[in-house]
Number of protein chains: 2
Amino acid sequence: MNISRASDYAIRGLVYMAKQPAGTVCYVKDIAKNTNSPASFMSKIFQTLAKSGIVDSFTGTKGGFTFNACPEDITIKKVVEIIDGPIVLNRCAVNKSSCRNAGNCDVHFMWADIQKILTKALSSYSIADFATDKKKVSD
Amino acid sequence: MNISRASDYAIRGLVYMAKQPAGTVCYVKDIAKNTNSPASFMSKIFQTLAKSGIVDSFTGTKGGFTFNACPEDITIKKVVEIIDGPIVLNRCAVNKSSCRNAGNCDVHFMWADIQKILTKALSSYSIADFATDKKKVSD
DNA sequence: ATAATAAAGATAATTCATATCTTATTAAGA
DNA sequence: TCTTAATAAGATATGAATTATCTTTATTAT
């Protein structure tokens with residue numbers, strides 16, 4: 001019941017990028033350093049982000065990644081789904097037919113309900129919410 | 001971002017028990033059969049449930065497990081926490097000090113917020129909600 | 001004494017998370 | 001043009017957690 005380190009790093013990495021002037025080419029090395037994450041792992045994560053299209057990648061010297069979307073449009077749900085795959089709280093949450101207890105599953109409705117609540121919450125935040133220092137909240 | 005098989009089995013097992021007359025001694029064998037789950041795994045799960053106190057266990061012939069609480073009091077959150085441990089969406093969700101980016105963590109507030117929403121949803125359902133056939137919802 | 005049950009512990013299989021290593025690509029400079 | 005350094009892409013490896021299974025022991029009703 002948690003997001004992966006990879007999703008956490010991806011979110012932090014995208015927030016870092018969104019804080020730079022639009023169009024800035026960022027190196028994994030710098031993204032990793034500024035987010036306290038392992039560079040080699042971050043590299044893998046940004047490969048996945050690039051495949052999804054929300055960042056662009058450029059290989060070779062002076063290559064790197066650029067943010068390829070409006071930070072407002074990139075919700076936390078979207079990032080988590082790109083990295084961890086679809087959010088499925090329980091295997092029977094999606095549809096009853098994929099459930100082992102098909103046709104007689106007591107809990108299907110509950111998981112569908114809770115999942116809806118969770119995904120709504122994840123959709124209510126975007127990368128843009130963290131891209132300015134204004135947003136800081138004290139403990 | 002999902003509950004474990006173990007939690008799923010635990011919930012189904014407890015629902016099965018709650019459907020029996022109060023005080024009924026249930027065998028793991030029967031619980032497993034009626035929930036389409038592996039008996040040996042279910043056995044382990046019920047050991048954990050017994051340790052937590054929400055079921056009682058009796059060894060020996062005619063031994064088994066009894067439901068040791070009001071099904072209304074056993075929320076889904078409680079079961080998941082007994083089996084999977086505390087619900088922590090992201091390691092920095094609990095408190096900022098446990099976060100690698102302590103003192104400068106953009107996303108702490110978000111995870112604390114989403115976690116609160118999720119745990120509230122998990123607390124809004126209890127085993128009792130599924131212990132009668134009245135509750136059935138069509139797809 | 002026997003059979004039925006759970007408890008406890010050991011082990012195994014599989015999957016997933018978390019990386020690291022090697023290769024390909026490119027820009028820039030010699 | 002050739003070499004080098006910097007970079008991402010892709011392949012591989014490690015380790016931990018999940019999901020079991022199996023075996024032995026303890027307990028108890030018959």
Side-chain angles (χ1 to χ4, degrees), chain A residues 1-13 17 24-33 35-68 80 82-91 100, chain B residues 1-13 17 24-33 35-68 80 82-91 100:
Chain A
M1 191 66 97
N2 52 43
I3 62 157
S4 65
R5 287 290 81 214
S7 282
D8 181 61
Y9 293 154
I11 291 165
R12 292 180 196 279
M17 288 185 80
T24 302
V25 176
C26 300
Y27 310 139
V28 164
K29 198 174 56 178
D30 294 333
I31 299 170
K33 193 187 300 172
T35 55
N36 295 309
S37 43
S40 51
F41 193 20
M42 195 57 121
S43 164
K44 184 86 183 288
I45 291 164
F46 267 78
Q47 276 179 39
T48 306
L49 292 175
K51 272 178 196 153
S52 82
I54 71 174
V55 299
D56 258 355
S57 72
F58 305 93
T59 66
T61 308
K62 305 266 167 118
F65 295 91
T66 57
F67 207 122
N68 198 27
V80 171
I82 288 168
I83 302 295
D84 289 346
I87 292 164
V88 177
L89 275 184
N90 192 8
R91 69 162 69 134
R100 205 164 181 168
Chain B
M1 192 66 100
N2 52 44
I3 63 157
S4 66
R5 288 287 84 213
S7 282
D8 180 62
Y9 293 154
I11 291 165
R12 293 179 195 279
M17 289 186 78
T24 303
V25 177
C26 301
Y27 310 140
V28 164
K29 199 173 55 179
D30 293 334
I31 299 170
K33 193 187 300 173
T35 55
N36 294 309
S37 43
S40 51
F41 194 21
M42 196 57 123
S43 165
K44 277 284 180 235
I45 291 164
F46 267 77
Q47 277 179 36
T48 306
L49 292 176
K51 273 179 197 152
S52 82
I54 71 175
V55 299
D56 258 355
S57 70
F58 305 94
T59 67
T61 307
K62 304 265 167 125
F65 295 90
T66 57
F67 208 121
N68 197 29
V80 171
I82 289 168
I83 302 294
D84 290 346
I87 292 164
V88 177
L89 273 185
N90 192 7
R91 69 161 69 133
R100 205 163 180 168

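Below, chain A is the first sequence line, B the second, and so on; all start at residue 1.
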Quiz item: Step by step, would you call A/Leu49 with A/Lys44 a side-chain contact (heavy atoms from CB on, under 4.5 Å)?
Solution: CA-CA 9 Å; A/Leu49 292 175; A/Lys44 184 86 183 288; over 6 Å; no
Exercise. Send over the distance from B/Asp56 CG to C/dA7 C1', rounded to a whole Å.
Key: 15 Å
Self-check item: Separation of C/dA17 C1' from A/Arg5 CZ (nearest whole Å)
Solution: 11 Å
Self-check item: Sub-4.0 Å heavy-atom contacts from residues 39-50 of chain B onto DNA chain C, ordered by number
Solution: B/Lys44, B/Gln47
Self-check item: Atom-to-atom span, CG of B/Asn2 to P of C/dT15 - whole angstrom
Solution: 15 Å
Quiz item: Rounding to a whole Å, what distance do you find between A/Ile31:CD1 and D/dA8:C1'?
Solution: 11 Å
Quiz item: For A/Asn68, what residues pass the side chain to side chain contact (heavy atoms under 4.5 Å, CB included) criterion, not counting sequence neighbours?
Solution: A/Asp56
Quiz prompt | Partner residues of B/Asn2 under the side chain to side chain donor-acceptor pair (under 3.5 Å) criterion, sequence neighbours left out | solution = none
For nucleotides 12-14 of chain C, tabulate all protein N/O to nucleotide N/O atom pairs closer than 3.5 Å, reporting atom names and distance.
none

Quiz item: Just how far is it from atom CD1 of A/Ile31 to atom CZ of A/Phe65, taken to the nearest 0.5 Å?
Solution: 7.0 Å
Self-check item: For A/Thr24, all residues meeting side chain to side chain contact (heavy atoms under 4.5 Å, CB included), sequence neighbours excluded
Solution: A/Gln20, A/Pro21, A/Cys26
Quiz item: Is the distance from OP1 or OP2 of D/dA20 to the nearest side-chain N or O of B/Tyr9 less than 4.0 Å?
Solution: yes
Quiz item: Is there a side-chain contact between A/Asn90 and B/Arg5 (heavy atoms, below 4.5 Å)?
Solution: yes
Quiz prompt | Partner set under ring pair (Phe, Tyr, Trp, His ring centres under 6.0 Å) for B/Phe67, not counting sequence neighbours | solution = none
Quiz item: Of the candidate nucleotides C/dT5, D/dT19, D/dA9, which contains the atom at the shortest distance from the side chain of B/Lys29?
Solution: C/dT5
Quiz item: Given atom CE of A/Met1 and atom C1' of D/dT18, what is their separation to the nearest angstrom?
Solution: 15 Å
Self-check item: Nearest-nucleotide 5' precedence on DNA chain D, B/Ser7 against A/Cys26
Solution: A/Cys26
Exercise. Under the side chain to side chain contact (heavy atoms under 4.5 Å, CB included) rule, collect the residues that match up with A/Gln47, sequence neighbours excluded.
Key: A/Ser43
Quiz prompt | A/Asp8 CG - C/dA19 C1' separation (whole Å) | solution = 15 Å
Self-check item: Test side chain to side chain contact (heavy atoms under 4.5 Å, CB included) applied to B/Ala6 - qualifying residues, sequence neighbours left out
Solution: B/Ser4, B/Phe41, B/Ile45, B/Ile83
Self-check item: Distance-minimising heavy-atom pair for A/Met42 and A/Tyr9
Solution: CE-O, 3.2 Å
Practice problem: Go along nucleotides 23-30 of chain D 5' to 3' and tag each nucleotide: B for a protein heavy atom under 4.0 Å from its base, S when only backbone or sugar atoms are that close, - otherwise. | Solution: ----BBB-
Quiz item: How long is the span from the OG1 atom in B/Thr48 to the CG atom in B/Asp84, to the nearest 0.5 Å?
Solution: 10.5 Å
